[in-house]
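Contents: one structure, followed by commentary.
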Amino acid sequence: MKQPLTVTCPTCKAPVEWGPQSPHRPFCSERCKLIDLGAWAAEEHAIPGENLEDELFSGDLPPRDH
């Protein structure tokens, strides 16, 4: 019989079985899921890329045609 896939909870590092018995996967619980969501909302996590906000306010963009 095949062993179930186990991942590590990104928040608390607890092992989580990947399957229907773990509805919050990859998190171990609703609490860990909400902690991670709060970190994204507080901008503690970010996806690397160009900062578009700086371009929008710097005046470097050409005028828009209406």
Side-chain angles (χ1 to χ4, degrees):
M1 185 173 189
K2 194 174 174 180
Q3 283 286 84
L5 176 65
T6 301
V7 297
T8 303
C9 175
T11 304
C12 72
K13 310 301 182 218
V16 180
E17 220 174 272
W18 194 272
Q21 69 280 12
S22 303
H24 305 292
R25 63 188 177 270
F27 303 97
C28 66
S29 65
E30 180 73 13
R31 178 182 177 273
C32 281
K33 187 175 171 181
L34 291 174
I35 289 170
D36 186 74
L37 178 61
W40 280 100
E43 297 183 358
E44 294 170 17
H45 298 312
I47 297 173
E50 293 181 32
N51 191 348
L52 298 178
E53 185 176 320
D54 289 346
E55 286 181 25
L56 293 174
F57 295 108
S58 69
D60 294 340
L61 296 176
R64 291 181 24 195
D65 292 331
H66 293 283

Can you list the residues that meet the side-chain contact (heavy atoms from CB on, under 4.5 Å) rule with [X], with sequence neighbours excluded?
{"X": "Trp40", "answer": "Asp36, His45, Ile47"}
{"X": "Thr8", "answer": "Lys13"}
{"X": "Ile35", "answer": "Thr11, Arg31"}
{"X": "Glu43", "answer": "none"}

For residues 21-28, tabulate all N or O donor-acceptor pairs below 3.5 Å that involve a side-chain atom, not counting sequence neighbours.
residue: Gln21; atom: NE2; partner: Glu17; partner atom: OE2; Å: 2.5
residue: Ser22; atom: OG; partner: Glu17; partner atom: O; Å: 2.6
residue: His24; atom: ND1; partner: Glu30; partner atom: OE1; Å: 3.2
residue: Arg25; atom: NH1; partner: Gly19; partner atom: O; Å: 2.4
residue: Arg25; atom: NH1; partner: Ser22; partner atom: O; Å: 3.0

Checklist entry - Which other residues end up in the same hydrophobic cluster as Val16, if Ile, Leu, Val, Met, Phe, Trp and Tyr are linked when side-chain heavy atoms come under 4.5 Å apart? => result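 Reading the cluster by chain and number, Val16 sits alongside Leu5, Val7, Trp18.
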